[in-house]
Amino acid sequence: MEIRPFCGWRYRGSAEGDVSALIAPPYDVLTGDDKAALLAGNPQNIVAVDLPHVPPKEVGPESAYRQAADTLNRWKAEGVMIRDEKPCLYAYQQTFHWAGQTYHRRAMLCGVRATELGKDVIPHEHTFDGPKADRLKLSEHTGMQLSPVFGFYRDPAGHATDALWSAAQGVPTLHGWLKDVEEKLWAVSDPAVISAVASALRETPVYIADGHHRYTTAMNFARRLRESGRIDANHEANFVLFALVEHTDPGLLILPTHRIVHGLKKTFTVHRLADAAKEFSWRRCSVEDFDARDTSGWLRKYGPGAMAMLGADPAEVWIARLKDPATMVAAAPEQNDAWRALDVAILHKLVIDRDIERWRTQELFIEYTPDAGNVLAACRSGRAQLGVCLQSTPLEAVETIADAGAAMPHKSTYFYPKLATGMVLKPLDL
């Protein structure tokens, strides 16, 4: 991949560089209530610009994007946001806790040349037209890339990582807290460091972890600008704001995304599902044995692909595991072995798309959550008839499936924690 530093726009923040009240989670995980709460905390929170239309699943009214641009331009004029004078790479660290451990995830915020998907930039998800139309409108009006694409890469010798973080010393340029995650940012403008990092990554592809719609929008927008003659191939708009994380970073955590299934017939029970789904081995557990804090770690002892099925009876917790991998070869012959081994693929192909058919109603829908406690609560209360808790998708499986040009099943990965929006913005300089 080809990376490039940029002169970022960032909040001035408090005298100590605290931006806690100004940053936000990515736009696509926020609701209207979330937006209102962030703006109640501080009306200059980045969500006022990054989420002009709720929900951002399709393009909104033109006035919403104009207002977002007007707000951003006002903040620039009033000095709420300032621009770095020199091109920088930005060292970005998130400190967080998970399952009793403390992690420090280190990323680099930079521009990555927008290329067609599959060589230098490798996806693992499909995209949808509605969200891309929303992000395109926002880019057109603001002339800014507001929220970074999350990517990971391989740097076995550590040349890029070491060069950047040896220069990111001392008091951070900006810092803050976003919920329970500590956020720190250092601006690195040393040309020698930038050259060393860029050289180390020249032949290295980046895998998109999160932000497929943002990347595809930026790529298409740059192509359109080139074809219209507004920019040349070296223009800033050809480079997409990324947060790059080395794939061995201990903080590169993938959490499972669990399922809560609604709209099954009243006759459904997990016990009856176990009788119907003969391709699985089944083991019943008590609810007291179920570990909702670290479900993935708890399930691992039952073997690869083991998943927990929870029923409306609070004591109804079953461990299901596919007996014979050949079952998935027959069910998904067009997919590769890594895809067919995913517990989420097994769940949807064999259980949701087939074995629960006899209990399906027109009201059936699936709710997704990374919190196994939500699954247990939904089943205990009777709000849902079936909850399924899964193991984490291995990072190696994401790479293997992406390298094969395939797409992961829907909601297969939840990279935790989400990146903060508002630490630094990348201008398109149009």
Side-chain angles (χ1 to χ4, degrees), residues 255-292 294-333 335 339-393 408-412 414:
L255 303 187
T257 302
H258 309 303
R259 273 64 172 159
I260 302 174
V261 184
H262 304 263
L264 296 173
K265 292 178 181 178
K266 293 182 179 178
T267 55
F268 174 85
T269 66
V270 179
H271 188 265
R272 287 173 177 158
L273 175 62
D275 287 339
K278 301 296 186 183
E279 295 91 347
F280 292 85
S281 61
W282 294 85
R283 175 175 176 173
R284 190 167 184 172
C285 301
S286 70
V287 72
E288 289 76 22
D289 290 335
F290 179 69
D291 186 353
D294 183 15
T295 312
S296 186
W298 178 74
L299 281 167
R300 205 168 292 128
K301 65 186 178 184
Y302 295 104
M307 58 191 83
M309 305 277 189
L310 285 68
D313 179 349
E316 196 173 27
V317 179
W318 294 71
I319 307 301
R321 189 180 179 209
L322 188 65
K323 295 177 183 177
D324 186 355
T327 306
M328 278 297 286
V329 176
Q335 298 292 352
W339 191 96
R340 289 190 289 254
L342 296 172
D343 53 2
V344 63
I346 295 167
L347 169 67
H348 281 266
K349 275 290 183 182
L350 301 181
V351 178
I352 291 177
D353 294 344
R354 191 192 66 183
D355 287 333
I356 66 171
E357 270 299 313
R358 71 190 69 183
W359 296 288
R360 180 186 293 268
T361 71
Q362 291 184 344
E363 289 73 38
L364 186 139
F365 73 96
I366 300 174
E367 180 183 348
Y368 302 93
T369 177
D371 187 346
N374 290 342
V375 181
L376 182 59
C379 292
R380 273 180 159 167
S381 67
R383 185 171 65 85
Q385 294 148 288
L386 173 64
V388 186
C389 292
L390 305 168
Q391 298 186 48
S392 301
T393 298
M408 302 281 287
H410 187 53
K411 298 289 186 182
S412 297
Y414 186 95

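Below, each value reflects all heavy atoms present in this structure, side chains not excepted, and no hydrogens, waters or symmetry copies.
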### Derivation and outcome, side chain to side chain contact (heavy atoms under 4.5 Å, CB included), residues Val317 and Asp289
CA-CA 9 Å; Val317 179; Asp289 290 335; over 6 Å; no

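- Put simply, the side chain of Ile260 does not reach to within 4.5 Å of the side chain of Ile366, judged on heavy atoms.
- Distance check, rounded to the nearest 0.5 Å: CG of Leu322 to CG of Leu347 gives 11.5 Å.
- Looking only at distances, no side-chain donor or acceptor of Thr369 sits under 3.5 Å from a matching main-chain atom of Asn374.
- Although no hydrogens or angles enter the test, the distance criterion places a donor-acceptor pair under 3.5 Å between the side chain of Arg340 and the main chain of Gln335.
- Residues Thr295 and Ala372 share a closest heavy-atom pair of OG1-CB, 3.0 Å.
- Atoms OG and CG, from Ser296 and Leu390 in turn, are 9.0 Å apart once rounded to the nearest 0.5 Å.
- Note: His262 and Phe365 have parallel aromatic rings, judged against thresholds of 30 and 60 degrees for the angle between ring planes.
- Heavy atoms only, all atoms of each residue included: Ala306 and Asp343 are closest at O-OD2, 4.4 Å.
- Within the 4.5 Å cutoff, the side chain of His410 has no heavy atoms near those of the Thr257 side chain.
- Between Ile346 and Ala341 the shortest heavy-atom distance is CD1-O, 4.0 Å.
- Counting only heavy atoms from C-beta outward, the side chains of Leu310 and Leu376 approach each other to under 4.5 Å.
- With contacts defined as side-chain heavy-atom distances shorter than 4.5 Å, the pair Met307/Val351 does not qualify.
- Remark: Gln385 CD to Leu364 CG distance equals 9.0 Å, nearest 0.5 Å.
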### Task
Report the C-alpha distance between Thr361 and Leu264 in whole Å, list the side-chain angles of each, state the deciding distance to 0.1 Å, and finish with yes or no for side chain to side chain contact (heavy atoms under 4.5 Å, CB included).
CA-CA 6 Å; Thr361 71; Leu264 296 173; 6.0 Å; no

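- When all heavy atoms of Ala277 and Asp355 are compared, the closest pair comes out as CB-OD2, 3.3 Å.
- Residue pairs that meet the side-chain hydrogen bond (donor to acceptor under 3.5 Å, both in side chains) test with at least one member in residues 265-280, sequence neighbours left out, are Glu279-Arg354.
- Residues Thr393 and Pro256 fail the side-chain proximity criterion, which asks for heavy atoms closer than 4.5 Å.
- Residue Glu367 forms a salt bridge (Lys or Arg N to Asp or Glu O under 4.0 Å) with just one option from Arg383, Lys411, Arg259, and that option is Arg383.
- Between the CE atom of Met309 and the SG atom of Cys379 there is a distance of 11.5 Å, given to the nearest 0.5 Å.
- Taking each heavy atom of Glu316 and Val270 in turn, the nearest pair found is OE2-N, 3.3 Å.
- Residues Cys389 and His258 are in side-chain contact: their nearest non-hydrogen atoms beyond the backbone lie under 4.5 Å apart.
- Thr327 and Asp324 share no donor-acceptor pair across their side chains, judged by distance under 3.5 Å alone.
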### Query
Between Tyr302 and Cys285, is a side chain to side chain contact (heavy atoms under 4.5 Å, CB included) present by the stated rule, with each step listed?
CA-CA 12 Å; Tyr302 295 104; Cys285 301; 3.7 Å; yes

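- In this structure, CZ in Arg358 is found 8.5 Å from CG in Leu273, a value given to the nearest 0.5 Å.
- When the ring-ring contact (aromatic ring centres under 6.0 Å, His included) test is applied to Trp339, no partner is found at least two apart in sequence or on another chain.
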### Task
Would you sort out whether Met408 and Val344 count as a side chain to side chain contact (heavy atoms under 4.5 Å, CB included), showing the intermediate values?
CA-CA 9 Å; Met408 302 281 287; Val344 63; over 6 Å; no

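- Taking CZ of Phe280 as the start and NZ of Lys323 as the end, the distance is 10.5 Å to the nearest 0.5 Å.
- Val375 places none of its side-chain heavy atoms less than 4.5 Å from the side chain of Phe290.
- Listed by chain and residue number, Trp359 satisfy the ring-ring contact (aromatic ring centres under 6.0 Å, His included) test with Phe268 (two or more places apart in sequence, or in another chain).
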